[in-house]
Structure formats: C-alpha cells, structure tokens
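Read the structure below first, then the notes.
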2 protein chains.
Amino acid sequence: MGITKSEHFTDEQNELATLAKAIGHPARIAIIQHLIKVNSCVCGDIVNELPLAQPTVSQHLKELKNARLIKGNFEGNAICYCLNEEGFNKINGFFEHINTYLENKKNQCC
Amino acid sequence: MGITKSEHFTDEQNELATLAKAIGHPARIAIIQHLIKVNSCVCGDIVNELPLAQPTVSQHLKELKNARLIKGNFEGNAICYCLNEEGFNKINGFFEHINTYLENKKNQCC
DNA sequence: TATTTATATTGCAATATTACGATACAATTT
DNA sequence: AAATTGTATCGTAATATTGCAATATAAATA
C-alpha cells in the first residue's frame, strides 16, 4: 500500500532504514560527495552543482537535514551546509557490524 | 513526479543510491540482521520472522537480491539465503570514505 | 500421480516520493 | 524603503513503493 508498517519493527530498525532511505537518492549522494569534496561549509552553491531546480534541491537538503546527515547554519542570508556526524556515526556502526561479520563468516554455503 | 532523474547523475551515484535505497526499509534491515544473527543459510523461515505476509516478504527479498545484498540458492524446494558481499563491499567503501573524512575533518564551522 | 510444502508472480488499492512553477520569506544591499 | 539575493514552502502532477489476496510454479513426498 506504500505505507510502511513501521510499528511492527524495532526503533533501531526504523532508524537505520530512515537513514539509508535518506541516502538512497542520487541527488542526495551527489550532495554528500560535494560536501566532502570541497571540505568546507558550502554556502548555497549546491543548487548550481545539481541538475535540478532550486525547490527540488531544497527538498533534498531538508530530507538530509531531518535524517541528521547534514547540518545547516544561517550565515547572513545564505546557509552554510556540512556533514553531520550524528547520522553517519549511527549508520556507520551498522555497516561496520556487517563488514566484521562478512570478514569472519565461516559459513560458505552460498 | 516520483521519477528520479537518474540520467543526470553518474553511474557511481546511481549505484550507491540504489544500494542505500534497497537497505532503506525496516523489513529489509530486519532481514539483513536476521541473516547475520543466525550465521547460516536461512531456508525460508524469514517469512515467519517478519510481521508481513509471504508475498510481501518475497518482494523484499527480491529487491535485496537485485541490489546484490543477498544471494539465494535453491536447496530442494526451499531456498537458502545469505548475505552477498558484492553489494555490501560497494556501499562499505562509500561509508568508509565518509568516515575517514569525518575523522580527519579540520573545518569545524558547523 | 495427487498432495503437500516453499516460493514467486499478478493485480490492485493505498500511500509515498520526486520534481518544479509559483510564491513567500528573510537578510543584504542599494 | 525598494530592489536584490538566497532559501523555503505550497500546490500539484507524475511516478514509485508497499502490502496483500489470489494464484501460479516448482520440488518433495505420499
């Protein structure tokens, strides 16, 4: 039905899913990559970097902000964006867990 | 429009987004966690583990399979599922990159 | 071969996401 | 204050996702 039955899953599962979902769009991947590349707060040129209209980019930034994957501070009439460790630390833990499991995996039935 | 303009982004960006999107649902997080927990090929009890109907679980498994995050082999009339390193290695690289960046980040303007 | 067991597919309804034009808002500059 | 610049929100259309009943398929077993 397009409606996720989140009430049937744990908070942990819902939180990880929300983070992964927020990352799961090429425009938002591009935003993250750009913030890493320039290694500084980016004051608004993200719209010019992406092949999307300004309201669309604003919406993507909002989703990343809600997921705590980026932070935005006002600087005059512009906004300074950079990565937010909070969200990334959370999901990094999950991937490190998987990585460790895959490296030590004994069962090779598949 | 609900239609992602994937043609405007790089293959890398689209691939990472597809992987993150596949992970971005609590049912699929639960499947991944279960496969890690039991540390063996799971022949079909995934349906019993999840609070969803069999066709829905089958659909989630299909999406994880398409994203190369799990593998499934026939074993008699059942199927043996386990994690697929292919997809995880790809997205792990991305997160390690981010992690390294965040650890070394000098710019603390946000 | 008929039945059982395990999984996939189809079809559909409900909801969510994506995109953008139009517009609003807020700070800066003239 | 008016104009400019940067960003957010609203409204809406198009498409995607989620979920499941019904059904199909495929292998094992009786």
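Chain A is the first sequence line, chain B the second, and so forth, proteins listed ahead of strands; every chain is numbered from 1.
Applying the side-chain contact (heavy atoms from CB on, under 4.5 Å) test to D45(B) and every residue at least two apart in sequence or in another chain returns H34(B), V42(B), N48(B). The side-chain hydrogen bond (donor to acceptor under 3.5 Å, both in side chains) check on T100(A) picks up nothing, with sequence neighbours excluded. Taking the side-chain hydrogen bond (donor to acceptor under 3.5 Å, both in side chains) definition, one finds that T18(A) meets it with nothing, sequence neighbours left out. In this structure Q59(A) satisfies the side-chain hydrogen bond (donor to acceptor under 3.5 Å, both in side chains) test with no other residue, sequence neighbours excluded. Not a single side-chain hydrogen bond (donor to acceptor under 3.5 Å, both in side chains) links E15(B) to another residue, sequence neighbours left out.
Atom-to-atom, CG of N73(B) to C1' of dA27(D) comes out at 16 Å; the value is rounded to the nearest Å. Across the protein-nucleic acid pair, E75(B) atom CD and dA26(D) atom C1' stand 16 Å apart, rounded to whole Å. Taking atom NE2 on H60(B) and atom P on dT7(C), their separation rounds to 16 Å, with Å as the unit. In this structure, the CG atom of L52(B) is 16 Å from the P atom of dT7(C), given to the nearest Å. As rounded to whole Å, 9 Å separates atom P of dT7(C) from atom CG of N48(B).
DNA chain D forms stems at C:1-30 with D:1-30, each a run of 3 or more consecutive Watson-Crick or G-U wobble pairs whose two key distances fall under 3.5 Å.
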Enumerate, atom names and distances included, each donor-acceptor pair closer than 3.5 Å involving a side-chain atom of residues 88-96 of chain A, sequence neighbours excluded.
unit_1: N89(A); atom_1: ND2; unit_2: E85(A); atom_2: O; d: 3.4
unit_1: K90(A); atom_1: NZ; unit_2: E12(A); atom_2: OE1; d: 3.0
unit_1: N92(A); atom_1: ND2; unit_2: F88(A); atom_2: O; d: 3.2
unit_1: N92(A); atom_1: ND2; unit_2: N99(B); atom_2: OD1; d: 2.9
unit_1: E96(A); atom_1: OE2; unit_2: N99(B); atom_2: ND2; d: 3.3

Quiz: residues 49-58 of chain A side-chain donor-acceptor pairs under 3.5 angstrom, not counting sequence neighbours:
none

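Place P51(A) and G76(A) on DNA chain C by their nearest nucleotides, and P51(A) ends up nearer the 5' end. Checking T4(B) against T4(A), the closest nucleotide of DNA chain D that is more toward the 5' end is the one next to T4(B).
Taking the side chain as every heavy atom from C-beta outward, N84(B) and L69(B) never approach each other to under 4.5 Å.
Near-neighbour residues of DNA chain D inside residues 13-32 of chain B, defined by a heavy atom below 4.0 Å, number-ordered: K21(B), H25(B), R28(B).
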**Item:** Summary of protein contacts for nucleotides 4-10 of chain D, nucleotide by nucleotide, where a base hit scores B, a sugar-phosphate-only hit scores S (4.0 Å, heavy atoms)
**Value:** -BSBBB-

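Note on residues 17-30 of chain B: pairs passing salt bridge (charged side-chain N to carboxylate O under 4.0 Å, His left out), not counting sequence neighbours, are R28(B)-E63(B). Within the structure, the salt bridge (charged side-chain N to carboxylate O under 4.0 Å, His left out) test picks out no pair touching residues 32-42 of chain B (sequence neighbours left out).
By the 30° and 60° cut-offs, the orientation of the rings of H25(A) relative to F9(B) is perpendicular.
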